[in-house]
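As structure tokens, the structure follows; a few thoughts come after it.
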There are 2 protein chains.
Amino acid sequence: MGGGDWRPVKRTRTFEDVLAQIERRIAEDGLTAGDRLPAERQLAEQLGVSRSSVREAMRVLETLGVVSSQVGRGPDAGAVLISRPDSALTDLLRLHLGLASLEPREVIDTRHMIEQWAASRAAAARADTSALAAALAGMDGARTAEEFVEHDTAFHCAIADASGNRLIAAIMRSLRDSMRRYAVEAVERLGDTSILRADHVRILEAIDRGEADEAARATSEHLAHAYPALFPGEH
Amino acid sequence: MGGGDWRPVKRTRTFEDVLAQIERRIAEDGLTAGDRLPAERQLAEQLGVSRSSVREAMRVLETLGVVSSQVGRGPDAGAVLISRPDSALTDLLRLHLGLASLEPREVIDTRHMIEQWAASRAAAARADTSALAAALAGMDGARTAEEFVEHDTAFHCAIADASGNRLIAAIMRSLRDSMRRYAVEAVERLGDTSILRADHVRILEAIDRGEADEAARATSEHLAHAYPALFPGEH
DNA sequence: ACCACAGTATGGTCTGACCATATCAGGGAG
DNA sequence: CTCCCTGATATGGTCAGACCATACTGTGGT
């Protein structure tokens with residue numbers, strides 16, 4: 001073990017270099033959603049790497065919800081910058097739940113925290129509640145548990161949207177997506193959803209009146225009602 | 001344009017099939033962190049696809065913090081299942097911040113929400129505070145802004161860890177990582193960090209005494225102190 | 001018992017080819 | 001002139017095969 005001045009020939013993989021270059025270009029050129037990246041073959045030539053490496057970098061960016069690749073020709077073809085953190089977060093949560101490295105309880109608690117915060121914020125900002133009302137109406141017309149959960153999800157995501165924080169909204173949407181299966185089971189187990197409906201109305205009205213504390217409280221109690229159905233074994 | 005029974009030859013890309021297969025295998029075989037996936041060539045042969053497609057799937061899983069690839073030979077080589085949502089979240093946030101699809105304010109608010117919740121939870125659970133104390137000591141010995149922020153980050157992440165929710169902790173870590181640059185600038189702008197230190201002591205003691213509300217309040221006020229330095233332009 | 005060295009399985013990269021798709025550019029029919 | 005058909009073309013998606021660097025494994029010699 002000689003001196004400490006050893007230097008690795010190569011620390012980063014080629015596709016990581018490509019990623020760094022693309023990220024640098026995004027920052028320097030001020031690219032935003034909607035702008036196009038060079039074609040794969042072109043990018044490979046520009047950076048002096050193979051197309052495979054460029055493709056692997058593209059896959060990473062696509063996974064992170066930063067680009068969308070379209071085949072064909074024309075203005076819409078190629079790699080276009082987008083901004084869709086939602087699906088990336090959803091995939092991330094789903095996989096880590098599958099690996100049992102995250103427990104449902106942790107996801108539920110996170111959702112509780114977010115939702116309470118969002119409801120309070122939405123009320124304070126006197127946000128528009130038409131989306132919430134529409135989701136509520138959808139829940140009334142639901143004929144199956146799946147359909148009910150669909151509109152329930154829309155309701156709760158609408159609250160997150162109304163908070164005005166897109167990061168919160170994206171996390172909320174991902175949490176709901178990754179928990180969808182559990183939610184459907186819970187609704188089926190519950191049977192009567194009238195209590196949930198009353199909760200929703202209370203939340204909506206609190207936001208409508210701009211009562212932040214009441215909105216947070218109503219949300220918290222609503223989730224307390226829903227929890228036993230989600231965790232039938234616990235108490 | 002004949003009848004409507006047209007069937008697409010292929011709706012999903014090959015690497016997406018591979019991803020689905022791997023995910024299915026994880027679920028069915030109950031694989032968890034530490035288990036190994038088959039080698040790329042072997043997987044390609046098993047699934048009847050090219051190695052490139054397998055590699056692209058691997059890149060996705062790696063991006064999501066689900067596998068780690070090691071070259072060479074032996075028990076530690078190959079694709080090993082891991083569970084590291086942190087880096088994936090960090091990359092996601094950093095890129096979307098760079099795309100200007102997320103504003104710093106949204107990240108800051110999210111952090112505020114999380115930290116308040118975590119402090120309250122940690123206090124309620126009477127969590128061990130030795131990690132917090134250690135981080136606090138590190139801040140006292142810090143000679144540069146970078147060093148200070150380093151230990152400050154450790155302090156706040158320790159609170160998130162103490163909440164017992166790994167998802168929250170992962171989000172917290174990612175938020176801090178993606179905001180590191182701003183934090184360093186803020187500390188340099190602030191100069192005197194004695195106020196921050198007093199805040200930290202107050203938070204730590206509240207958690208130590210199990211006073212959840214006081215812990216949340218102290219955290220909130222601490223962040224209120226730090227905000228002006230983060231957004232010097234606003235008021 | 002130890003060590004040096006060839007063997008080998010692994011991921012990382014490159015090349016070149018072919019396919020499917022979607023637009024684009026012309027040319028012919030009306 | 002307009003409309004539609006058709007071939008050219010640019011794009012991502014996939015494949016096959018090769019080579020390299022790395023890191024363990026086993027073997028044979030000391």
key: Between C1' of D/dG13 and CD of B/E56, the distance in whole Å   = 8 Å

message = Starting the side chain at C-beta, find the nucleotide from C/dT13, C/dG12, D/dC15 nearest to B/E40.
response = C/dG12

key: Ion pair A/R13/A/E16, N-O distance below 4.0 Å   = yes

message = Within this structure, what is the CZ-CZ distance for the pair B/R180 and B/R94, rounded to the nearest 0.5 Å?
response = 11.5 Å

request  = In whole angstrom, give the distance that lies between atom CZ of B/R55 and atom P of D/dC15.
outcome  = 15 Å

Euclidean distance, atom CZ of residue A/R41 to atom C1' of C/dA17 [Å, nearest integer] = 10 Å

inquiry  = What's the closest nucleotide to the side chain of B/V71 if the choices are C/dG12, D/dC15, D/dT11?
reply    = C/dG12

inquiry  = Students often get this wrong, so: under 4.0 angstrom with heavy atoms, is A/G74 touching a base, only sugar-phosphate, or nothing?
reply    = sugar-phosphate

Rounded distance in Å - CG (B/L19) to C1' (D/dG13) = 15 Å

remark   = Result for 5'-nearest mapping on DNA chain C, choosing between B/G72 and A/G72, is B/G72

key: Candidates D/dT14, D/dG12, C/dG12 - which lies nearest the side chain of B/S53   = D/dT14

task = Nearest-nucleotide wise, let me know which of A/G48 and B/A39 is further upstream toward the 5' end of DNA chain C.
result = B/A39

query = How long is the line joining CZ of B/R36 and P of C/dT10, in whole Å?
reply = 7 Å

query = Starting at CD of A/Q70 and ending at C1' of C/dA22, how long is that distance when rounded to a whole Å?
reply = 11 Å

query = Testing B/L43, B/L19, B/T14 for side-chain contact (heavy atoms from CB on, under 4.5 Å) with B/V54, which one passes?
reply = B/L43

request  = Could you check how far CZ of B/R13 sits from C1' of C/dA20, rounded to whole Å?
outcome  = 14 Å

inquiry  = When you measure from the side-chain N and O atoms of B/T14 to the phosphate of D/dT14, is any distance below 4.0 Å, counting only OP1 and OP2?
reply    = yes

query = Is any side-chain nitrogen or oxygen of A/R73 closer than 4.0 Å to OP1 or OP2 of D/dT9?
reply = no

request  = Return the value, rounded to whole Å, for the distance between atom CD of A/E45 and atom P of C/dC14.
outcome  = 14 Å

task = Please lay out, stage by stage, how A/H200 and A/D152 fare under the test side chain to side chain donor-acceptor pair (under 3.5 Å).
result = CA-CA 9 Å; A/H200 286 147; A/D152 181 61; 3.1 Å; yes

message = Determine whether a donor-acceptor pair (one donor, one acceptor, N or O, separation below 3.5 Å) exists between the side chain of B/R51 and the base of D/dG17.
response = no

query = Got a sec: does the CD of B/Q46 have more than 12 other heavy atoms crowding it under 6.0 Å?
reply = yes

query = Base, sugar-phosphate alone, or nothing: which one does B/A77 contact when heavy atoms must sit under 4.0 Å apart?
reply = nothing

